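The chains referred to below are lettered A, B, ... by the order of the sequence lines, with proteins before strands, and numbering in each begins at 1. The shown structure was predicted, so the numbers you read here are calculated from the model rather than taken from an experiment.
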Number of protein chains: 2
Amino acid sequence: MADQLDRILQQWHVEKPELDVSPMAVIGRLSRAAMAVESRLAATFARHGLDAPSFDVLATLLRSGAPYRIAPVKLAREAMISTSAVAQRLNKLESRGLVKREANPGDGRGTLVALTDAGRELIETTLPDHLETEHAIIATLSVEEQANLAMFLQRITESSR
Amino acid sequence: MADQLDRILQQWHVEKPELDVSPMAVIGRLSRAAMAVESRLAATFARHGLDAPSFDVLATLLRSGAPYRIAPVKLAREAMISTSAVAQRLNKLESRGLVKREANPGDGRGTLVALTDAGRELIETTLPDHLETEHAIIATLSVEEQANLAMFLQRITESSR
DNA sequence: TATTGTTATACTCTATAACTATA
DNA sequence: TATAGTTATAGAGTATAACAATA
């Protein structure tokens, strides 16, 4: 089945026959797949009143395990965003009562972000739905193909560092 | 080699052993790979004074072939963005003299976006550099692996429609 | 001096709504 | 009525800079 990338590649072959545009077949489809997936995940998040950045913070807190407390600087490193961006994500979540900021007993400069009961409840409810969405997205691939895909993506990410 | 996704999956296994988080291995790596690639492509674009949306418009015009003219509504469909977003991309490019808007002789309502000489020159110079970057990103995979990766991504995108 | 964290501010890209003009 | 295109406006998320406080 020809997709949009096939048509784009065909155009390039006609217009620039001397160029090797084969990398576009991979990178183009990577970016389109990421866009399509992002949009499906966003729909699931929205059903629970969340967006991707908020889900990311709550999920990071949950998977860190009891007592569900993390320093903002650690959240910034995990998400690869600035500490300022973290502060702004936290403002949003804290105003909804999903997290709260506490003093860090081990570091007078620091803060600990804690999951509230409401936050815990929301992420526990959202997570299975999210996993179901992710499962549906990749169900078109066999388990072996999924493993190969994950490995290829890992190698691409590593080689881009 | 354990990457960040391996550590995240391990955390989930400990905290939520009853959940099947295996889809995250694929989707998580997809989103990280897309982010890493996007950032490398952006660096190449920046070296030529461009960003991804601007490159997208100029490349679309170039691969459309002579006379390098496209209606805005077609640009919107190709890029899957609103016609308003297209108008704003065009404002930016036109103010730099890289494209110009002409009347559409076949449709009195319409406009044709034309590559200027400067725009043509810029995209012709940027394109080989861009392809080199893309080639470097996927060079870690064999040609066969690249083909498999592209196919897997295509299937994921299709199944998300 | 370096690190943690916050706010103020600005930037980028986008979509929605409102509008003009032509098919 | 529908389509093409634009601007005004607002929204989301981010980073940089400036700042306060502690290590």
Side-chain angles (χ1 to χ4, degrees), chain A residues 31-32 34-36 38-39 41-43 45-46 49-61 69-96 98-114, chain B residues 31-32 34-36 38-39 41-43 45-46 49-61 69-96 98-114:
Chain A
S31 104
R32 275 154 212 270
M35 271 177 36
E38 194 182 329
S39 130
L41 299 187
F45 296 147
L50 287 173
D51 51 26
S54 295
F55 175 88
D56 181 48
V57 170
L58 298 181
T60 301
L61 281 164
R69 278 160 173 77
I70 301 186
V73 68
K74 208 167 165 186
L75 286 171
R77 284 188 202 118
E78 289 243 2
M80 296 184 292
I81 56 173
S82 67
T83 59
S84 156
V86 168
Q88 290 166 80
R89 288 185 181 187
L90 295 178
N91 288 343
K92 197 168 160 180
L93 289 167
E94 194 168 31
S95 75
R96 293 181 56 192
L98 300 174
V99 305
K100 65 170 184 289
R101 287 185 251 227
E102 306 175 344
N104 186 336
D107 186 334
R109 298 168 301 183
T111 299
L112 284 182
V113 182
Chain B
S31 107
R32 274 153 214 271
M35 271 178 35
E38 194 182 329
S39 130
L41 299 188
F45 296 147
L50 288 172
D51 50 27
S54 295
F55 175 87
D56 182 48
V57 170
L58 298 181
T60 302
L61 281 164
R69 277 159 174 77
I70 302 187
V73 70
K74 209 167 165 185
L75 286 171
R77 284 189 203 119
E78 289 243 2
M80 294 184 293
I81 56 174
S82 67
T83 58
S84 155
V86 168
Q88 290 167 79
R89 288 184 181 187
L90 294 178
N91 288 343
K92 196 168 160 182
L93 289 166
E94 194 168 32
S95 75
R96 293 180 56 191
L98 300 173
V99 305
K100 65 170 181 291
R101 286 185 251 228
E102 306 175 344
N104 186 337
D107 186 335
R109 301 168 300 182
T111 298
L112 284 181
V113 183

Taking any atom under 4.0 angstrom from a heavy atom of chain B, which nucleotides of DNA chain C are the first and last to qualify, 5' to 3'?
dC13(C) to dA23(C)
Taking side chain to side chain contact (heavy atoms under 4.5 Å, CB included) as the definition, give me every residue that meets it alongside Asn91(A), ordered by chain and number, with sequence neighbours left out.
Arg101(A)
So the salt bridge (Lys or Arg N to Asp or Glu O under 4.0 Å) pairs with at least one residue in residues 79-92 of chain A (sequence neighbours excluded) are Asp51(A)-Lys92(A), Asp56(A)-Arg89(A)
Strand contacts (DNA chain C) in residues 70-82 of chain A, 4.0 angstrom heavy-atom criterion:
Ala71(A), Pro72(A), Val73(A), Arg77(A)
With sequence neighbours excluded, residues passing side chain to side chain contact (heavy atoms under 4.5 Å, CB included) with Glu102(B)
Arg69(B), Lys100(B), Ala114(B)
Expressed in angstrom and rounded to an integer, what is the separation of Asp51(A) atom CG from dG11(D) atom C1'?
12 Å
Leu61(B) vs Val99(B), side chain to side chain contact (heavy atoms under 4.5 Å, CB included): CA-CA, chis, key distance, verdict:
CA-CA 9 Å; Leu61(B) 281 164; Val99(B) 305; 3.9 Å; yes
Whole-Å distance, Met35(B) CE to dG13(D) P, equals 15 Å
Atom pairs, N/O to N/O, protein against nucleotides 7-10 of chain D, distance under 3.5 Å?
{"from": "dT7(D)", "atom 1": "OP2", "to": "Asn91(B)", "atom 2": "OD1", "distance (Å)": "3.4"}
{"from": "dT7(D)", "atom 1": "OP2", "to": "Asn91(B)", "atom 2": "ND2", "distance (Å)": "3.0"}

Show me the donor-acceptor pairs within less than 3.5 Å that the side chains of residues 75-86 of chain A make with the rest of the protein, sequence neighbours left out.
{"from": "Glu78(A)", "atom 1": "OE1", "to": "Arg63(A)", "atom 2": "NH2", "distance (Å)": "2.8"}
{"from": "Ser82(A)", "atom 1": "OG", "to": "Ala85(A)", "atom 2": "N", "distance (Å)": "3.0"}
{"from": "Ser84(A)", "atom 1": "OG", "to": "Gln88(A)", "atom 2": "NE2", "distance (Å)": "2.9"}

d(CD, Glu102(B); C1', dG5(D)) in whole Å
16 Å
Atom pair distance, as rounded to whole Å: CZ in Arg109(B) and C1' in dA4(D):
6 Å
For Ala36(B), side chain to side chain contact (heavy atoms under 4.5 Å, CB included) partners two or more places apart:
Thr157(A), Ser160(A)
Which residues share a side chain to side chain contact (heavy atoms under 4.5 Å, CB included) with Ala34(B), sequence neighbours left out
Ala34(A)
Between Val86(B) and Lys92(A), who's closer to the 5' end of DNA chain D by nearest nucleotide?
Val86(B)
Check whether more than 12 heavy atoms from other residues, nucleotides or ligands sit under 6.0 Å from atom CD of Glu94(A), and answer yes or no.
yes
At under 4.0 Å between heavy atoms, what does Asn104(B) touch on the DNA or RNA strands: base, sugar-phosphate, or nothing?
nothing
The side-chain hydrogen bond (donor to acceptor under 3.5 Å, both in side chains) partners of Lys74(B) (sequence neighbours excluded) come to none
Not counting sequence neighbours, which residues clear salt bridge (charged side-chain N to carboxylate O under 4.0 Å, His left out) with Arg109(A)? List them please.
Asp107(A)
Are the side chains of Thr111(B) and Asn104(B) in touch, meaning some heavy atoms are under 4.5 Å apart?
no
